[in-house]
There are 2 protein chains.
Amino acid sequence: MNTAPRTLANTDCGDCPIRYRAVCSRCEPDELDILDSMKSYKTYEAGQTICWAGDHLQYVGSVVEGVAALSQTMEDGRRQMVGLLLPSDFVGRPGRETAPFDVIAATDVTLCLFHKTPFEELINSTPTIASRLLEMTLDELDAAREWMLLLGRKTAREKIASFLAIIARRNAVLQRKPAAGRMEFILPLSRDAMADYLGLTLETVSRQMSALKREGLIELHGKRQITIPDFAMLMNETGDDTDGGMLS
Amino acid sequence: MNTAPRTLANTDCGDCPIRYRAVCSRCEPDELDILDSMKSYKTYEAGQTICWAGDHLQYVGSVVEGVAALSQTMEDGRRQMVGLLLPSDFVGRPGRETAPFDVIAATDVTLCLFHKTPFEELINSTPTIASRLLEMTLDELDAAREWMLLLGRKTAREKIASFLAIIARRNAVLQRKPAAGRMEFILPLSRDAMADYLGLTLETVSRQMSALKREGLIELHGKRQITIPDFAMLMNETGDDTDGGMLS
DNA sequence: TCCCGTTTTTGATCTTGATCAAAGCACTCG
DNA sequence: CGAGTGCTTTGATCAAGATCAAAAACGGGA
C-alpha cells in the first residue's frame with residue numbers, strides 16, 4: 001500500500017482518462033496513431049456482467065468511467081471479488097484465449113476497447129509497450145498480494161478500515177488532492193459487494209460500518225456518501241504500517 | 001487452478017531447470033548467449049531470509065532447487081505468505097527499485113541470478129522476452145487471485161485439501177506423471193508455514209491434516225511424506241469445480 | 001404523496017476456527 | 001543413555017464472525 005499504482009495521475013498523459021494513454025506516454029507518435037485508430041467505446045449498466053470466466057476474449061481495454069469488479073464464484077454460490085477496476089485500469093489478457101474471471105459492472109461503466117489481436121502485435125513489436133504493460137501487471141500483482149494479507153489475517157474492522165482507506169486514497173489521487181485530513185467520497189460498492197470483496201458477510205460489513213460511525217471515525221450521509229473526518233485516525237484501524245515505509 | 005502454469009515442464013526448454021531457459025525457448029541464440037554469460041548461482045539454507053521487503057534490488061533470477069516463500073508480516077507479528085516459489089519460478093521485479101515482500105527460504109534453496117540492470121536492458125530491447133515475462137506475470141496474477149478465493153471464502157478443510165492438491169499436482173508436473181490416482185510427495189512446508197500460507201493457525205492445520213488422515217483421504221508417513229490414495233477423492237474436498245473447466 | 005421492492009441495519013443464536021495449555025515425538029548433543 | 005530442543009498433535013475453552021430472522025430506511029415510480 002506504500003506505492004501508489006502507476007495510473008493516470010502519476011503518469012505524464014495529460015487529461016485523457018484512458019489507460020493506454022499512460023502506456024503511450026512513452027511511445028512514438030506513430031504508435032499513438034495506431035492505438036487511436038483501433039479504439040472503440042462501450043458502456044454497461046450497474047450489475048451487468050461484462051464477461052464470464054471462460055469466455056473467449058476478443059478485446060482488451062481500460063476503464064474510462066465507473067467501477068468494474070473481477071469476481072469468482074464457487075458452485076455453492078460463495079463469491080470472492082479478486083480485483084476492483086477503477087478508471088484508468090487495464091482490462092484483459094494479452095496472450096490468453098479465455099477470460100480467467102467474471103468481470104461485473106459495479107456501477108455504470110464505460111470501457112475503451114481494442115481488438116486483442118492487433119494489440120498483441122503491437123506488444124510484440126514494441127518493447128516500450130510490452131515493458132510498460134509488464135510494469136502495470138507487476139503493480140497489479142503487488143496489489144493482489146496485499147489483498148491476500150487482508151483476506152488471510154485482518155479482522156473485520158481492519159478490513160473495512162483498509163477498504164475505506166484505499167477508496168479514499170484512490171479518489172484523492174484522481175482529484176489531485178492530498179490523502180490526509182478530512183476526505184469525502186462516494187462508495188462505489190453496495191454493502192453486499194463490499195462483503196464479496198472483503199471476504200465477509202454483508203451483515204458483518206454493515207455492523208462494522210455502524211461501529212466506525214458510532215466511534216466518529218467516519219460519517220455516513222445516506223448509504224454511499226462517506227466523510228472521513230481524519231484520515232490518519234482511520235489508518236490507525238487498518239493494521240497497516242503507519243510510517244511511510246521503512247528505510248530509503 | 002484450471003490452467004497449468006507455464007513452467008519448465010510445459011515449455012520447450014530441455015532439461016534445464018532454470019526459468020530463463022523457458023523465457024529463452026523463444027529467443028534467438030544470441031540472446032541465449034547473453035543470458036548465459038550473465039548468470040550466477042547462490043544457495044540459501046532453510047529458514048534464511050533471502051531478502052527483506054524494502055531491500056534495494058540488485059538481482060533478478062529464478063529458483064533452481066528447493067522452495068522459497070514470499071511473505072508479509074504485520075507489526076504485531078501476524079504473517080501471511082503471498083506466494084510460493086517452486087523450481088523454475090521467476091524471482092524479482094524488473095523495473096522496480098525495492099522488493100515489495102520478504103523472500104524466505106522454506107527449504108534449502110538454490111537460485112540462479114542475473115544482475116538486474118542488464119536484464120532490464122534485455123527486456124527493453126527484446127520484445128519476445130518482454131512479452132514472455134508478461135505472460136508469466138499474468139499467470140502469477142491469476143494464481144494470486146485464485147488464492148484470494150481460498151483465503152476469503154474456503155473452510156479450513158477446503159484450504160488444506162486445496163493446498164495438498166496444488167503441491168501434488170505441481171509435483172506430478174515436475175515428474176511428468178499424471179495428476180490422478182495414487183500420488184506421493186514430500187511436503188515442502190512445516191505446519192507453521194502451511195498456516196501462514198493458508199491464513200490459519202498451526203493447530204487448525206494439524207487438526208485438519210489429522211482429520212483427512214483419519215478419513216483415509218491422505219496417508220502420513222512421518223510428518224512430511226504424504227500419500228494421496230485417490231487424487232479425485234481429495235479434489236472433492238477442495239470446493240473447486242471438478243469438471244475440467246467449462247466450455248472452451 | 002403513498003406504495004412497493006430493494007438495500008441496509010439490528011438483534012439473537014450458533015459455529016468455526018483461534019487461543020491457551022499440555023503432552024508426545026523425533027533428533028541432536030553431551 | 002538421557003536431557004534438551006524444536007516440531008507436531010491433541011484437548012478444553014473462547015470469541016469473532018456467520019447464520020437466521022425481522023424491522024427500518026431508502027428510492028423511485030404511479
Side-chain angles (χ1 to χ4, degrees), chain A residues 45-48 74 76-80 104 106-108 150-164 186-215 218-226 237 239, chain B residues 45-48 74 76-80 104-107 150-164 186-215 218-226 237 239:
Chain A
E45 283 175 29
Q48 232 185 317
M74 294 169 70
D76 61 5
R78 280 176 283 175
R79 207 174 330 156
Q80 178 64 52
I104 296 164
T107 64
D108 292 353
L150 177 143
L151 291 173
R153 294 299 182 196
K154 288 191 178 178
T155 64
R157 163 180 265 252
E158 287 170 338
K159 287 179 175 182
I160 299 286
S162 300
F163 174 74
L164 293 174
I186 306 282
L187 266 190
L189 300 184
S190 66
R191 299 289 185 270
D192 189 45
M194 282 177 66
D196 283 347
Y197 196 32
L198 298 169
L200 298 169
T201 59
L202 80 168
E203 292 96 329
T204 299
V205 170
S206 178
R207 266 185 257 274
Q208 295 296 336
M209 293 285 286
S210 299
L212 292 177
K213 178 182 171 189
R214 208 177 311 123
E215 298 168 32
I218 61 173
E219 291 162 23
L220 278 163
H221 315 99
K223 291 162 194 313
R224 297 290 192 97
Q225 168 79 37
I226 306 269
E237 303 298 324
Chain B
E45 282 174 30
Q48 233 184 317
M74 294 169 70
D76 60 5
R78 280 177 282 175
R79 208 176 327 160
Q80 179 64 52
I104 295 164
T107 63
L150 177 142
L151 291 173
R153 294 300 182 196
K154 287 190 179 180
T155 65
R157 163 180 265 254
E158 287 169 340
K159 286 178 177 184
I160 299 285
S162 300
F163 174 74
L164 293 174
I186 306 282
L187 267 189
L189 300 185
S190 67
R191 300 289 185 269
D192 189 46
M194 282 175 66
D196 283 346
Y197 196 32
L198 298 169
L200 298 169
T201 59
L202 81 168
E203 293 96 327
T204 299
V205 170
S206 180
R207 268 185 256 274
Q208 295 296 336
M209 291 286 285
S210 299
L212 292 176
K213 179 184 170 187
R214 207 177 312 123
E215 298 169 32
I218 60 172
E219 291 161 24
L220 278 163
H221 316 99
K223 291 159 193 320
R224 296 289 192 98
Q225 168 78 35
I226 307 268
E237 304 298 326

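Quick caveat, the model's predicted, so the values are computed rather than measured.
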CA sep, side-chain torsions, deciding dist, call: A:M209, A:L187, side chain to side chain contact (heavy atoms under 4.5 Å, CB included): CA-CA 12 Å; A:M209 293 285 286; A:L187 266 190; 4.1 Å; yes
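- Annotation: the terminal axes of the helix from C:dT1-D:dA30 to C:dG30-D:dC1 meet at 30°, where each axis is the rotation carrying the C1' atoms of four end pairs onto the next four (5 pairs per end, rounded to 10°).
- Residue pairs meeting the side-chain hydrogen bond (donor to acceptor under 3.5 Å, both in side chains) criterion with at least one partner in residues 205-214 of chain B, sequence neighbours excluded, do not occur; the list is empty.
- Taking A:E215 as the reference, A:R157 meet the side-chain hydrogen bond (donor to acceptor under 3.5 Å, both in side chains) condition, with sequence neighbours excluded.
- Scored by the side-chain hydrogen bond (donor to acceptor under 3.5 Å, both in side chains) test, A:R191 finds no partners at all (sequence neighbours excluded).
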Report all interatomic pairs (protein N or O, nucleotide N or O of nucleotides 23-27 of chain C) with separations under 3.5 Å.
none

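- If you check residues 197-210 of chain A against DNA chain C, the residues with a heavy atom closer than 4.0 Å are A:E203, A:S206, A:R207, A:S210, listed by number.
- The span of DNA chain D lying next to chain B, judged by atoms under 4.0 Å from heavy atoms, is bounded 5' to 3' by D:dT8 to D:dA12.
- Nucleotide C:dT8 holds its C1' atom 11 Å from the NZ atom of A:K213, rounded to whole Å.
- Protein atom CZ of B:R153 is 16 Å distant from nucleotide atom C1' of C:dG17, rounded to whole Å.
- Atoms CD and NZ, on B:Q80 and A:K154 in that order, are 11.5 Å from each other to the nearest 0.5 Å.
- Here A:R78 pairs with A:D76, B:E158 under the side-chain hydrogen bond (donor to acceptor under 3.5 Å, both in side chains) rule; sequence neighbours left out.
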Enumerate, atom names and distances included, each donor-acceptor pair closer than 3.5 Å involving a side-chain atom of residues 192-203 of chain A, sequence neighbours excluded.
residue : atom : partner : partner atom : Å
A:T201  : OG1  : A:T204  : N            : 3.3
A:T201  : OG1  : A:T204  : OG1          : 3.1

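- Between B:I186 atom CD1 and B:R224 atom CZ the span is 9.0 Å, to the nearest 0.5 Å.
- Residues B:T107 and B:P188 come closest through the heavy atom pair CG2-O, 3.4 Å.
- Counting to the nearest Å, the C1' atom of C:dT10 and the CZ atom of A:R191 are 13 Å from each other.
- In this structure A:Q48 satisfies the side-chain contact (heavy atoms from CB on, under 4.5 Å) test together with A:Y44, A:E45, sequence neighbours excluded.
- The distance between atom CG of B:L150 and atom P of C:dG17, rounded to the nearest whole Å, is 12 Å.
- Rounded to whole Å, the distance from CG on A:L189 to C1' on C:dT8 is 15 Å.
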